[in-house]
Amino acid sequence: MIRVAAWNVNSVRQRIGHLVGWLKSFRPDVALLQELKCTTDGFPRLEVEDLGYNLAIVGQKTYNGVAILSRHPMTVEAERLPGAADDEQARYVEALIQHEKKVLRVASIYLPNGNPADSEKFTYKLAWLERLRRHAVALLSHEEPLVLGGDYNVVPTDDDVYDPEGWKDDALCRPESRAAFRRIVNLGLVDAYRALHSEPHRYTFWDYQAGRWQKDEGLRIDHLLLSPQAADLLTAADIDRGPRKQEKPSDHTPVWCELDL
DNA sequence: ATGCCGGGCGAAGCCCGA
């Protein structure tokens, strides 16, 4: 059994207390983190290593930044998403996890937001999604357990947003974003949360503004996509709302799954 | 129609996020 979680922490240095507490209590085998908002050297490495985690960090000053934390042996496979040599943004890290003579491949993904939807930022987002699709084709050819997890910045359907009408022109909900996300899923990946939960309006993000958390008006934009070989091992998945309830929280909360690996 | 909140940077106010 291996527990994998994805969490956009919105600054790992602001959230180190929350992160340590959550690692101690929830004890994920593998944690996929996004929005570190610090350089690789600036990551609070000792606090996490003291809990028994190996680290793979791809940081960047001020923006972005992703990491993989693993209680099991880990080898880094990629620190950039292939397909654009000039892309300097720290949004992808991929590793192999060794667990009792078996191997799990994971990636921590921080997709571009893409707003406003009439700008070059949206073009970059759609190109990033297409690069991810192409890379997923290559990864799926390994026919191994694989988890592509993180902040996709895509609301898959109107059931995944509190106000579909109000958000329909946003880059997170635009049909182009949803179609590009579906093209990835349709390669044969399984949304771990949706595989086990059909109820609408379950969220992983709530804006800090306008009391969105108190009103439970959020978005489901953090996803764990499983290869068929991982989906066959899926025993549980859920959203852990605990961290979002705390003082000075991230605006995201973790999504997790368990694989009978 | 816009800001609301919050983080980084850097020391006031702007950029960015979703």
Side-chain angles (χ1 to χ4, degrees), chain A residues 6-20 22 32-44 57-67 87-92 108-129 132 149-178 180-181 193 201-223 239 241 243-255:
Chain A
W7 187 15
N8 177 323
V9 294
N10 188 18
S11 171
V12 71
R13 295 204 278 195
Q14 287 294 322
R15 226 63 63 201
I16 186 59
H18 290 51
L19 177 62
V20 166
W22 175 74
L32 311 172
L33 305 183
Q34 298 83 41
E35 273 213 275
L36 306 178
K37 289 188 171 177
C38 68
T39 60
T40 301
D41 288 344
F43 189 99
I57 304 164
V58 176
Q60 175 183 339
K61 184 178 167 70
T62 309
Y63 302 117
N64 310 317
V66 288
D87 186 354
E88 299 297 321
Q89 300 189 28
R91 296 182 176 277
Y92 187 88
S108 178
I109 289 168
Y110 179 46
L111 243 127
N113 173 303
N115 277 305
D118 60 353
S119 70
E120 70 291 334
K121 291 185 177 181
F122 192 57
T123 307
Y124 173 66
K125 175 181 194 164
L126 295 179
W128 212 98
L129 278 158
L132 181 60
D151 178 358
Y152 281 75
N153 270 318
V154 175
V155 173
T157 76
D158 282 353
D159 285 345
D160 301 306
V161 51
Y162 68 95
D163 177 13
E165 186 59 28
W167 280 77
K168 67 180 174 57
D169 294 325
D170 189 279
L172 279 64
C173 293
R174 280 281 292 262
E176 299 95 323
S177 303
R178 287 177 170 176
F181 180 75
Y193 179 78
H201 306 297
R202 294 291 183 269
Y203 309 126
T204 62
F205 165 90
W206 300 259
D207 198 297
Y208 289 121
Q209 304 178 70
R212 298 294 181 209
W213 166 253
Q214 288 76 14
K215 293 185 278 191
D216 194 23
E217 294 178 342
L219 312 171
R220 193 172 71 91
I221 52 177
D222 301 273
H223 308 296
I239 296 163
R241 295 164 63 101
R244 188 64 177 82
K245 297 175 182 171
Q246 299 192 295
E247 292 296 314
K248 302 283 286 181
S250 169
D251 39 8
H252 296 249
T253 212
V255 58

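Every chain is numbered from 1, with letters handed out A, B, ... down the list of sequences. Atom set for the values below is all heavy atoms of this structure, side chains included, hydrogens, waters and symmetry mates excluded.
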Undergrad: CD of A:Gln214 versus P of B:dC4: gap in Å, rounded?
TA: 17 Å
Undergrad: A:Glu35 has an atom CD; how far is it from atom C1' of B:dC16, in whole Å?
TA: 9 Å
Undergrad: Below 4.0 angstrom from OP1 or OP2 of B:dA18, is there any side-chain N or O of A:Asn153?
TA: yes
Undergrad: Of the nucleotides B:dC16, B:dG8, B:dA18, which one has an atom closest to the side chain of A:Tyr63?
TA: B:dC16
Undergrad: Map A:Asn8 and A:Lys248 onto DNA chain B by nearest heavy atom, then report which one ends up closer to the 5' terminus.
TA: A:Lys248
Undergrad: Taking 4.0 Å as the cut-off, does a side-chain nitrogen or oxygen of A:Thr62 come that near to OP1 or OP2 on B:dC15?
TA: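 For B:dC15, neither OP1 nor OP2 has a side-chain N or O of A:Thr62 closer than 4.0 Å.
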Undergrad: Determine the interatomic distance between P on B:dG7 and the same-named atom on B:dA18; round to the nearest Å.
TA: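 Nearest-Å result for B:dG7 against B:dA18 at atom P: 14 Å.
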Undergrad: Parallel, tilted or perpendicular, judged at 30° and 60°: which one describes the rings of A:Trp213 and A:Trp206?
TA: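 Answer is perpendicular, since the angle exceeds 60°.
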Undergrad: Please work out if A:Arg15 contacts a base, only the sugar-phosphate, or nothing of the nucleic acid, heavy-atom cut-off 4.0 Å.
TA: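 Answer is sugar-phosphate: A:Arg15 comes under 4.0 Å of backbone atoms only.
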Undergrad: Do A:Arg220's NZ or CZ and the ring of A:Tyr203 fall within the cation-pi criteria of under 6.0 Å and 45°?
TA: no
Undergrad: Given B:dG7, B:dG8, B:dC16, identify the nucleotide with an atom nearest to the side chain of A:Asn10.
TA: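 So the nucleotide nearest the side chain must be B:dG7.
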Undergrad: Test A:Asn115 against A:Asp170 for side chain to side chain donor-acceptor pair (under 3.5 Å), laying out the working first.
TA: CA-CA 7 Å; A:Asn115 277 305; A:Asp170 189 279; 3.0 Å; yes
Undergrad: Contact class for A:Asp170 vs. all strands (heavy atom < 4.0 Å): base, sugar-phosphate, or nothing?
TA: nothing
Undergrad: Side-chain N or O of A:Gln14 less than 4.0 angstrom from OP1 or OP2 on B:dG8?
TA: yes
Undergrad: What heavy-atom pair brings A:Pro44 and A:Ile16 nearest, and what distance separates the two atoms?
TA: CG-CD1, 3.6 Å
Undergrad: Between atom CD in A:Gln60 and atom C1' in B:dG8, what is the gap in whole Å?
TA: 12 Å
Undergrad: A:Asp151 near the nucleic acid: base, sugar-phosphate alone, or nothing, with a heavy-atom cut-off under 4.0 Å?
TA: sugar-phosphate
Undergrad: What is the nucleic acid contact for A:Lys125, judged by heavy atoms within less than 4.0 Å: base, sugar-phosphate only, or nothing?
TA: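 Contact class for A:Lys125: none.
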Undergrad: When we call it a touch if two heavy atoms are under 4.0 Å apart, what does A:Asn64 touch: a base, just sugar-phosphate, or nothing?
TA: nothing
Undergrad: Pick the P atom in B:dA1 and in B:dA12, then give their distance to the nearest Å.
TA: 35 Å
Undergrad: Is the shortest side-chain N/O distance from A:Lys61 to OP1 or OP2 of B:dG8 below 4.0 Å?
TA: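 For A:Lys61, the contact criterion (side-chain N or O under 4.0 Å from OP1 or OP2 of B:dG8) is not met.
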Undergrad: Can you tell me how far C1' in B:dC4 sits from the matching atom in B:dC16, rounded to whole Å?
TA: 16 Å
Undergrad: What integer distance in Å separates A:Leu19:CG from B:dG7:C1'?
TA: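 From A:Leu19 CG to B:dG7 C1': 17 Å.
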Undergrad: Please give the distance between the P atoms of B:dG6 and B:dG10 as a whole number of Å.
TA: 23 Å
Undergrad: Please determine, for the side chain of A:Arg13, which listed nucleotide (B:dC4, B:dC9, B:dA18) has the closest atom?
TA: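 Of B:dC4, B:dC9, B:dA18, B:dC9 is nearest to the side chain of A:Arg13.
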Undergrad: Over 60° means perpendicular and under 30° means parallel, so tell me whether A:Phe181 and A:His223 are parallel, tilted or perpendicular.
TA: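 Aromatic pair A:Phe181/A:His223 classed tilted.
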Undergrad: I need the A:Tyr110 OH to A:Leu32 CG distance, nearest 0.5 Å.
TA: 15.5 Å
Undergrad: State whether A:Asp160 and A:Arg178 are salt-bridged, where the test is any N-O pair (Lys NZ or Arg NE/NH1/NH2 against Asp/Glu carboxylate O) under 4.0 Å.
TA: no
Undergrad: Find the distance A:Trp206:CH2 to B:dA18:C1' and express it as a whole number of Å.
TA: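 Interatomic distance, CH2 of A:Trp206 to C1' of B:dA18: 14 Å.
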Undergrad: Expressed as a whole number of angstroms, how long is the span from A:Asn113:CG to B:dG17:P?
TA: 6 Å
Undergrad: Could you say whether A:Tyr208 or A:Ile221 is positioned toward the 5' end of DNA chain B, judged by the nucleotide with the nearest heavy atom to each?
TA: A:Tyr208
Undergrad: Under 4.0 Å between a side-chain N/O of A:Lys37 and OP1 or OP2 of B:dG17, yes or no?
TA: no
Undergrad: Starting from C1' on B:dA18, measure out to NZ on A:Lys121 and report it in whole angstrom.
TA: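 From A:Lys121 NZ to B:dA18 C1': 12 Å.
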Undergrad: Atom CZ of A:Phe205 to atom C1' of B:dA18: distance rounded to whole Å?
TA: 4 Å
Undergrad: Students often get this wrong, so: under 4.0 angstrom with heavy atoms, is A:Tyr110 touching a base, only sugar-phosphate, or nothing?
TA: sugar-phosphate
Undergrad: Say we look at B:dG13 and B:dT2: how far apart would their P atoms be, to the nearest angstrom?
TA: 22 Å
